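Following: one structure in structure tokens, then a few remarks.
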Amino acid sequence: MSGAKATVTSRLSAPLCAAAFLRLRGWRAGGSPDDRETGAQARVDDVRLQQLGGPLTIGLLVLFFGLTMLISLRISRRKENADAYMTAGNGIGLGVSAASMTATWIWAASMYASATSGYVYGISGPIHYGLWGALMILFIYPYGRRIRAVAPRAHTLAEVMYARHGRSSQLMLAGSNVLGSVISLTSNFIAGGALISMLTPFSFSQGVVVIAGGVLLYTLWSGFRASVLTDFIQVCAMLGAVVVVIPAIFFAMGGPSVFVEGASNLTPQQTSFFSSDAFLNQGAPYIAAVLAYAIGNQTIAQRLFAVREDLIRPTFITATVGYGATIIGIGMLGVVALYAGINPMEGDLNNLIPQLAGTYFGPVLLSVFFIMIIGSLASTADSDLSALSSIMMADVYGRASKRKADPRLMLTIGRATMVIATGTALYFAGARMNILDLLVLVGAIWGALVFPVIASFYWEKVTNKAFTVSVLAALAIFFPVRFGWIPMDGAVGYVFDAVAVVGVGVVAGLMVFGFFGARPARIVGVAAALLVAPFAIGFLHDYAVLSGSLIAYAVSTVVCTVLSLSNRTGFDFSRIARMTGDFDETEPDAVVAPAVARTGSQLPQSR
């Protein structure tokens with residue numbers, strides 16, 4: 001399977017998440033997965049897949065979207081409230097919040113991509129894919145607690161950046177979130193259309209319209225409240241289906257005997273739990289990418305502001321376990337398919353999971369699988385719609401002027417945003433635009449934003465100038481590296497490798513800082529950079545996207561730190577709570593920052 005490591009991921013037509021797809025394109029050139037020389041004889045190109053009948057498909061879709069619509073209508077009968085529409089009152093309990101966080105991270109493309117990772121990299125592929133993604137949920141929870149401490153009743157992260165710095169920082173974060181959510185929404189519609197066209201008599205276009213219409217209808221009336229409550233039902237159905245689907249496919253393919261009979265289909269790297277191929281092409285880029293996604297994405301921030309403050313920790317821990325177990329389990333189906341010597345239909349690895357279900361399942365289990373995928377993509381699509389509406393309500397209208405915002409007008413703006421976003425995503429889905437190229441840009445922006453955003457919540461010296469200039473400088477370096485505008489021959493490549501090694505230290509330090517503070521973070525960051533340097537310098541620039549992402553981290557961190565050190569005045573963090581209160585509140589000044597949030601000096605500093 002030589003050479004498959006690099007190009008196979010570029011076949012993914014439906015993305016996992018906006019930041020995670022930084023790793024999908026532009027790595028070292030290699031061969032195609034179809035060129036593998038594993039001796040596999042099984043061919044499925046001519047196999048007739050089991051399909052759901054038209055009436056059964058309609059019944060399943062009506063059942064799924066009908067149930068979610070009933071929940072939404074029940075919520076909408078209550079008194080409408082702009083703040084509840086965006087954050088559900090900041091008091092969601094553990095069960096619903098953990099289920100919603102899990103459902104937001106698990107979506108159709110993440111299941112497909114995990115199976116692809118198992119098929120390409122073997123045993124360690126799904127582990128690198130699911131484990132690091134799960135740990136990123138855990139690593140960001142300390143930052144979530146700090147954000148809620150300084151902004152207990154905020155609605156968006158960009159709104160907090162406006163209170164902390166000003167308009168330019170807010171627009172950078174809000175703009176990246178709008179672009180990322182529209183692209184994510186588009187990819188979910190594409191995934192739904194592809195699933196329906198493959199497993200039902202209906203066409204791709206019909207599938208896209210049905211999925212878009214169903215998600216819009218139940219999210220439109222109640223906003224984020226509908227999203228989190230339906231997430232609870234969707235994740236229960238999804239996890240229940242996973243428990244059935246994975247063992248059913250495994251035993252239908254031959255059970256444990258497939259590992260013995262198909263061992264010759266794997267290379268030594270694919271049989272190793274410590275595969276360097278899997279780590280360099282899957283694990284390492286994923287660590288940096290998902291950290292950026294977790295910090296920069298409004299769908300995660302929205303759930304952070306919605307959950308009860310004392311339940312942030314158990315919510316993130318529960319989501320960590322739920323995501324890791326589900327995605328690693330689904331990914332193992334790709335490993336089994338590799339052992340069995342199965343080739344994806346039409347050479348498209350996105351077809352692998354639906355292909356296995358259509359080959360080995362009858363109507364009952366195929367219906368279970370169908371609901372599992374529809375639930376996973378719907379849970380993320382409604383999160384994207386809720387995120388987009390909250391950005392337009394809070395950032396574009398709510399905090400745009402000094403006059404008090406009208407909550408009823410905010411609700412109208414939120415619903416209009418959902419309709420426009422759905423129409424935009426339908427257009428992109430129909431035009432089959434290159435989503436991955438756009439995702440590279442969004443992921444780069446989020447990577448460049450990570451350190452300035454985190455530092456803004458801890459270090460009182462960070463200024464709007466430091467925030468803005470550091471992000472722009474990081475992007476100015478990223479684009480030439482990512483798109484190969486700068487020749488990497490000779491000394492130039494070594495210089496960029498050295499900068500990327502600094503980025504490794506930054507990522508490692510940020511993962512430690514939230515739990516243990518500045519001093520351990522510095523030690524771990526320096527140690528990680530020194531440990532990686534002998535292996536990375538002279539080599540890392542061959543992996544353009546990974547190198548570019550790490551360089552974005554490094555440049556934004558260094559520039560933000562240098563510019564902030566020159567600031568002689570500190571920021572009063574208690575101002576954030578006063579500037580981000582409820583829009584429906586009669587006394588806006590009633591919200592007072594908790595004592596722990598009044599000053600950055602009481603918490604570990606990021607200098």
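Note: hydrogens, waters and symmetry copies are ignored here, and every other heavy atom, side chains too, is used. For clarity, every value in this text was computed on a predicted model and none was experimentally measured.
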Answer yes or no: is there a side-chain heavy-atom contact under 4.5 Å between [X] and [Y]?
X    : Y    : value
L365 : V245 : no
M69  : W221 : yes
Q206 : I196 : no

Shortest non-hydrogen separation from F361 to I249 and the atoms involved: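 So the minimum-distance heavy-atom pair works out to CZ-CG1, 3.2 Å.
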Contact summary for I328 and P126, nearest pair of heavy atoms: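 Heavy atoms only, the tightest pair is CG1-O, 3.5 Å.
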Salt bridge check: are D406 and R408 linked by an N-O gap of less than 4.0 Å?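 A salt bridge is absent here (no side-chain N lies under 4.0 Å from a carboxylate O).
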Check whether [X] reaches the backbone of [Y] with its side chain - one donor and one acceptor, N or O, closer than 3.5 Å.
X    : Y    : result
T230 : S227 : yes
T299 : A387 : no
N177 : Q298 : yes
S114 : M111 : no
Q170 : V160 : no

Can you list everything that forms a ring-ring contact (aromatic ring centres under 6.0 Å, His included) with F202? Sequence neighbours excluded, please.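 If we apply the ring-ring contact (aromatic ring centres under 6.0 Å, His included) test to F202, skipping adjacent residues, there are no hits.
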Rounded distance (nearest 0.5 Å) linking atom CH2 of W105 with atom OG of S376: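 The OG atom of S376 is 16.0 Å from CH2 of W105, to the nearest 0.5 Å.
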Which value, rounded to the nearest 0.5 Å, describes the distance between I374 atom CD1 and F64 atom CZ?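 So the CD1 of I374 and the CZ of F64 are separated by 7.5 Å.
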Apply the test side-chain hydrogen bond (donor to acceptor under 3.5 Å, both in side chains) to residues N188 and T380: give CA-CA distance (whole Å), side-chain angles for both, the deciding distance (0.1 Å), then the verdict. CA-CA 8 Å; N188 276 289; T380 306; 4.6 Å; no
Taking the inter-plane angle between the rings of Y141 and F316 on a 0 to 90° scale, is it parallel (under 30°), tilted (30 to 60°) or perpendicular (over 60°)?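 The rings of Y141 and F316 sit tilted, inter-plane angle from 30° to 60°.
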Any residue meeting side-chain hydrogen bond (donor to acceptor under 3.5 Å, both in side chains) with S97, in chain and number order, not counting sequence neighbours: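 Listed in chain order: T315.
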Qualifying residues under side-chain hydrogen bond (donor to acceptor under 3.5 Å, both in side chains), relative to D231, sequence neighbours excluded: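 Partners of D231 under the side-chain hydrogen bond (donor to acceptor under 3.5 Å, both in side chains) test: S100, R303.
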Residue pair D395, Y162: steps toward the side-chain hydrogen bond (donor to acceptor under 3.5 Å, both in side chains) verdict: CA-CA 8 Å; D395 297 315; Y162 175 73; over 6 Å; no
